[in-house]
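Convention: sequence-line order gives letters A, B, ...; per-chain numbering from 1.
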Amino acid sequence: MSDKPEPEARPERVPAMQQLLDNPFLLLFIGITIPTVLYIVWGVMEIASIPVAP
Amino acid sequence: MTAIDASYPGSRLAAVFRTCRFTGLKVDIAAQRLIKANAVAAVIFLAVGGLMGLLVALTRWPAVHLLPSEWFYLVLTGHGANVLLFWIIFFEIALLYFASAVLLGSRLAAPRIAWTAFGLMVVGAIMTNVAVFQGDSSVMFTSYPPMQAAPQFYLGLILFAVGALLGVGIFFGTLVIAHAEHTYEGSIPLVTFGALTAAIIAVFTLASGAIILVPTFLWSLGLVAEIDPLMYKVVWWGMGHSSQQINVAAHVSVWYAIGALTIGAKPLSEKVSRTAFLLYILFLQLASAHHLLADPGMSATWKIVNTSYLMYLAVLGSLIHGLTVPGALEAAQRRNGYTKGAFEWLRKAPWGNPAFAGMFLSLVMFGFIGGISGVVLGTEQLNLLMHNTIYVPGHFHGTVVAGTTLAFMAMTYYVLPLIFQRDIIWPKLARWQPYLFGLGAGGISLFMMGAGTLGIPRRHWDITLTDAMHPFDLPSGGFLMMGLNGLAAVIASAGGILYILITVGTVLWGKRLDKGDAPLAFPLHKQAATVAEYGSHATVKLPGTIILVSVFFLSFVLYYFVNWKYLSEIWLLR
Amino acid sequence: MAISPPRNRLWWNEPIERVEVGWIVVAFLWGLFMFVFMIAWHFIGGQNLSTETYRVTPAAYEEKVTAFAEKYQVGEEAGGVPVVRPPAGEDVYLLARLWEWWPVLELKKGQSYRIHLSSLDWQHGFSLQPVNINISIHPGYEQIITLTPTQAGDFGIACNEYCGIGHHLMTGRIRVVE
């Protein structure tokens, strides 16, 4: 994939990373999932696991 | 100007287009109307919120101390909501419609729903303002429970968020339509990709807002017994901080767009610039945890993972843009013939064009002031030094005012001629506007950061503490800084008022550009009209950019360690 | 232009400028350093905010603070606020309420104390000045930090979390003796 074909020259295989960047809904999915899991869900679990004062 | 009627098979409503004679872009008239409406609403809320900001700064200027305490807290609440939320998000919705429909030459998805969204946002914004002015909702922008505002305060914010979410949905819908109807070839433009980044962050932002504000609204009605203050804070900041991350993605896109429009800049590398945006999509929203570094209950692991944006990868994104944006500008200027020495490209840049000047000032100040202070403030332990001091507003005025607002103002100088089709009135005054506003905005950021470093608290009406039960003296240097902050706020307000006057004047009385072939007061670069030549920039040397970035990096490292030194000298705590 | 689609369909395969690669490497390493340093400070640094926290009702917390203040009271400040001198190493209780920090504490320089912090009503911001230690205080949560004063003198506590109309009146005091 190192050669640079002219546009419309032949059917090209789009590199995987470019396919990801060209797919808004996949990006939307991971862009929502990561902060929801790492920040909100994990954060709420931290709060829920605070023990009652002795 | 020619209007082209075109109807698409499968679409119920025939979209009407015109072709822009400056850029060659095909503009959907429905999108154009919506962009205008959202931009006008944005400017109105900027005027209201900006005025409130001036009143706040004049009250915190110890020698002036303008407002009585009740009014101070009321106006401060309104200032936050109007500028941090309403001005910015209205403008961003306009940008999203522009980056999707206009840049892709597509019709806007569901204009009727877009108008509903606009209506909801306007009603919500007005409702929250009314609640604030009724006087029993002086709870600050953050509205932390158990402090309670009137129900209409929360309801207004919810309506606004739902409207904005609909607007973001329209953006995604337009991407789908443009792709399906093949209005463009290959990948979306970089600026649209930046807008997509902003839109993705906006979905998380507005969803977090809805999740926490709906129960809080019910609580204010007495239908829910209690809102856990810590839980509220975690979820609320999913909205509160992420909404500022929408700004970052949006104004970085604006930088690229203005670079293209004014000097014909193209990204050094599509791959690098888009990957930097991808890092935003993945990690930027974790920075919400910066607000919980000094709070009980959250483990150090959660804090470190989130506040480091998972190993500072989103900061890496910003640092990349910090090179690629000036790099693209330098490369373009060298191609334009300014090749002497390291800095001829910068000296001979179009400094008289307010769009370029505003963009460049925004870039520099966002990086040096907002960016560096943000990383320092967001470091788990260093946060102890500045948490909730006025350093925090200092930081976010560096990002949101000197960065985002200035970039959006700069963009306005092209929104007006290209979308409103009115030429800028008073171009000589307009030339000075970004400098005036930038000087003021940079000043308020730096002076508030200085005062905060000396321990001056934020959202505080009387730092003399004379009526308090245990009065003590805050450092006199802090008082001086707050005075200078007031002065800078006056300068920024002058720039802000000038912006409002020029914008309103242009919309009402600017020379019409839709008829005849009059040139623009601030011309576009010739390449802005020719989309043929495009791709990553060819190999170039960028000595100027390398010097600028090195200076930035050294300042960053130095400031970072100065703060650790400072931290190591305070009382021991574990 | 950044405002039109990339001309090269496979832009991902275009080579990257050397200056860009260089900067990405530097920036990535710097980020990695900052990440590691934040973790390292937990081991090498003397200033880390404890995360020891318990749920507590405001009423129960008020009881604890009152009992503590009665036990170790040594004097009274203007306004009838007790001055409390706990023995070194002891559990120390400080409460935040509209609009004061209660009671006044007298600590010994160089000694460590387990300081309990909570609010009886709204959120407050513990801001020790001029030392500049700033911590958020929530109602319903009792946070315990181990604090060792390293300077003697009178220190003020301001509130830096907005807590209503008397926010700017809310102060407290910690006295550190040699």
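The residues C/R7 and B/E185 are annotated as not salt-bridged, no charged nitrogen and carboxylate oxygen being separated by less than 4.0 angstrom.
Listed in order of number, the residues of residues 37-46 of chain C that approach chain B to under 4.5 Å between heavy atoms are C/F37, C/M38, C/I39, C/W41, C/H42, C/G46. Heavy-atom neighbours of chain B within the stretch residues 101-112 of chain C, taken at a separation under 4.5 angstrom, comprise C/W101, C/V104, C/S112. Contacts with chain B (heavy atom to heavy atom, under 4.5 Å) involve these residues of residues 86-100 of chain C, listed by number: C/E100.
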Test side chain to side chain donor-acceptor pair (under 3.5 Å) on C/H138 and B/Y232; report intermediate values, then the result. CA-CA 11 Å; C/H138 287 254; B/Y232 174 94; over 6 Å; no

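In this model, a donor atom of one side chain and an acceptor atom of the other lie less than 3.5 Å apart for C/W11 and B/S187.
Of the atoms belonging to B/P146, heavy atoms from both backbone and side chain fall under 4.5 Å from chain C. If you measure heavy-atom distances from B/D228 to chain C, the contacts under 4.5 Å come from the side chain alone.
With chain B as the partner, the residue from C/I24, C/L32, C/V21 showing the most heavy-atom pairs under 4.5 Å is C/I24. The greatest number of non-hydrogen atom pairs below 4.5 Å with chain B, out of C/Y54, C/W23, C/F126, C/F28, is found for C/W23. When each of C/I16, C/I137, C/I133, C/T150 is scored by its heavy-atom pairs under 4.5 Å with chain B, the top score falls to C/T150.
Checking side-chain atoms of B/R458 against main-chain N and O of C/E161 turns up no donor-acceptor pair under 3.5 Å.
Tested against C/N48 for a side chain to side chain donor-acceptor pair (under 3.5 Å), the candidates B/E380, B/R574, B/Q381 yield a single pass: B/Q381.
For the salt bridge (Lys or Arg N to Asp or Glu O under 4.0 Å) condition, the pairs that include at least one residue of residues 133-157 of chain C, sequence neighbours left out, are C/K64-C/E142, C/D154-C/R175.
Two rings, from C/Y162 and B/W461, have their centers 6.0 Å or more apart.
C/I3 CD1 to B/T23 OG1: the interatomic distance, rounded to the nearest 0.5 Å, is 7.0 Å.
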